[in-house]
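Below you'll find the structure, written out as structure tokens, and then a few comments.
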Amino acid sequence: MPDRVAAVREKFTSLKIDAFLITSLTNLRYLFGFTGSNGLAVILPGRIVFITDNRYRDQVRDEVKGADIFIARASLFDELARSKALGQAKRVAFEAAHTSVASWQILTRKFPRLTFLATEKILEKITATRTAAELEHTRTACQIACAVWRELVPKIRTGISENDIAAEISYLGRRAGAEGDAFEPIVASGWRSALPHGLASHKKLAAGEFVVVDFGFRYNGFCSDITRTVFLGEPDAQQRALYDAVLEANTRAREAARAGLRCAELDGVARTSLKKRGYEKEFSHSLGHGLGIDVHSMPGVGARSEDVLQAGNVITIEPGLYVPDSGGVRIEDDVHITEEGSELLTPLDRELICIS
Ligand code: ZN
Ligand code: ZN
């Protein structure tokens, strides 16, 4: 992605740096297409140096174009020193959120002449808008999730366990062409549905319960992330009201999403909608998050976010209500932000499915 490397280089003047060291696997994949599990890159004004180990000797040459490639004989940092890539550099930026204290200590010991600058979210902001090819991968990941949900619904019934459903999700996803789960499927029924992130357990599904099912898949590295909530039996008026409130908040937020809108404002659209129906503290998390190679990426879509939606962002919209000891509802969709509004990537029914 040379345009993205150029965008990184554009930051050199304001950061007063002459090299950017990248160690996060997510960013190595965004910037260079590298899919291995060990590597680093240094972006210099006129050169890119990419280092990995012998396991990826052939793969790196296939995936990473336009870089000088080194295969580490010992550690990646040893090879970095041996490559003399930083020979002319004075000030080098690194990703604070992805560099351990141990790595930082090694770097400062091996390169005592250099000044290292901790940076945050520089690359994440550059990669927060999807390229056309990346968007296609996200679309496919979302299509797989939708297909899996349609196959899954007839299998949900009382008596089976949350783990049974989680296993079915993973199996169906792979069969449908996914690389694997984007994250451990969340299947939370009954009182557990009030846990916003209740991983599947041995608990068996019973009549009179909500079941929150939150799952996603990876396709060519890119993730989908959707949630649907079903009811076992017939909900009472209170349960129906809970569901309808979340559904309305989801709809209003999807309708409001467009480039130029502040993410905090979008969060506010859902929060206000829920408040009008008498729910406030029951909505205890952010409206959503950016969705890319990482399930949670930029932009942040919450009340305290300072991000502004840009065309090309992919975000989730996932209002939820959680009533301790009673139950919870969440409805999550993935949308691609455009200048005019948004493209829905998860066109699945949202009407409450009641399973008898
Ligand atoms: Zn989710
Ligand atoms: Zn999510």
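Just so you know, these numbers use all the heavy atoms, side chains as well, and skip hydrogens, waters and symmetry mates. Sequence positions, counted from 1, serve as the residue numbers for this chain.
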Could you tell me whether the side chain of [Y] reaches within less than 4.5 Å of the side chain of [X], counting heavy atoms only?
| X | Y | answer |
| --- | --- | --- |
| R29 | T26 | no |
| T138 | H336 | no |
| D333 | I226 | no |
| P299 | S305 | no |
| Y30 | I126 | no |
| R258 | L309 | no |
| D214 | P185 | no |
| V314 | E134 | no |

Residue pair [X] / [Y]: nearest heavy atoms and the distance that separates them:
| X | Y | value |
| --- | --- | --- |
| L21 | L40 | CD1-CD1, 4.0 Å |
| A259 | E339 | CB-OE1, 3.7 Å |
| G190 | S193 | O-OG, 2.5 Å |
| A19 | L86 | CB-CD2, 3.8 Å |
| C146 | L345 | SG-O, 4.4 Å |
| Y322 | S284 | CD1-OG, 3.8 Å |

Just checking [X]: does its [atom1] atom have more than 12 heavy atoms from other residues, nucleotides or ligands closer to it than 6.0 angstrom?
| X | atom1 | result |
| --- | --- | --- |
| D236 | CG | yes |
| R174 | CZ | no |
| R175 | CZ | no |
| K65 | NZ | yes |
| R113 | CZ | yes |
| Q238 | CD | no |
| F210 | CZ | yes |

Verdict with supporting geometry, Q310 and I337, side chain to side chain contact (heavy atoms under 4.5 Å, CB included):
CA-CA 7 Å; Q310 291 178 53; I337 301 299; over 6 Å; no
Q. In terms of side-chain geometry, is the basic nitrogen of R262 or D307 positioned less than 4.0 Å from the acidic oxygen of its partner?
A. no
### Query
Would you say the ring centroid of Y243 lies under 6.0 angstrom from that of F231?
no
* Please find out if less than 6.0 Å separates the ring center of Y56 from that of F34. => yes
Just verifying a value: how many Å separate [X] [atom1] and [Y] [atom2], rounded to the nearest 0.5 Å?
| X | Y | atom1 | atom2 | result |
| --- | --- | --- | --- | --- |
| L266 | I317 | CG | CD1 | 5.0 Å |
| Q239 | E209 | CD | CD | 10.0 Å |
| D334 | L344 | CG | CG | 8.5 Å |
| D58 | I71 | CG | CD1 | 8.5 Å |
| K204 | R157 | NZ | CZ | 11.5 Å |
| F70 | K84 | CZ | NZ | 10.0 Å |

Path from [X] to [Y] over hydrophobic side-chain contacts below 4.5 Å:
| X | Y | value |
| --- | --- | --- |
| I315 | V308 | no |
| V212 | I160 | no |
| L25 | I51 | no |
| L135 | L291 | yes |
| F20 | F50 | yes |

Between [X] (side chain only) and [Y] (backbone N and O only), is there a donor and an acceptor less than 3.5 Å apart?
| X | Y | result |
| --- | --- | --- |
| N250 | E318 | no |
| T52 | N38 | yes |
| D294 | H296 | no |
| Q105 | S103 | no |
| E120 | E95 | no |
| S224 | A141 | yes |
| R228 | R330 | no |
| D164 | S161 | yes |
| R350 | E332 | no |
| S83 | L80 | yes |

Quiz prompt | Residues D18, Q88; criterion side-chain hydrogen bond (donor to acceptor under 3.5 Å, both in side chains); working and verdict | solution = CA-CA 9 Å; D18 33 35; Q88 305 296 317; over 6 Å; no
Could you check whether [Y] and [X], counting side-chain N and O atoms only, form a donor-acceptor pair closer than 3.5 Å?
| X | Y | value |
| --- | --- | --- |
| E124 | S297 | no |
| T35 | E63 | yes |
| K203 | S189 | yes |
| D225 | H289 | yes |

Please step through side chain to side chain contact (heavy atoms under 4.5 Å, CB included) for the pair L44 and V42, ending with a clear verdict. CA-CA 6 Å; L44 296 150; V42 179; 3.9 Å; yes
Run the numbers on D78 and R73 for salt bridge (charged side-chain N to carboxylate O under 4.0 Å, His left out), then give the verdict. CA-CA 8 Å; D78 280 334; R73 295 162 199 191; over 6 Å; no
Within 45 degrees of the ring normal and closer than 6.0 Å to the centroid, is that where the cationic atom of R271 sits relative to F283?
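R271 over F283 ring: yes.
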message: Between S201 and E162, is the side-chain hydrogen bond (donor to acceptor under 3.5 Å, both in side chains) condition met? List the steps.
response: CA-CA 5 Å; S201 75; E162 294 171 353; 2.7 Å; yes
field: Check against side chain to side chain contact (heavy atoms under 4.5 Å, CB included), F217 and D181
entry: CA-CA 4 Å; F217 299 103; D181 294 316; 3.5 Å; yes
Exercise. Determine, stepwise, if the pair F94 / T119 fulfils side chain to side chain contact (heavy atoms under 4.5 Å, CB included).
Key: CA-CA 6 Å; F94 68 96; T119 64; 6.0 Å; no
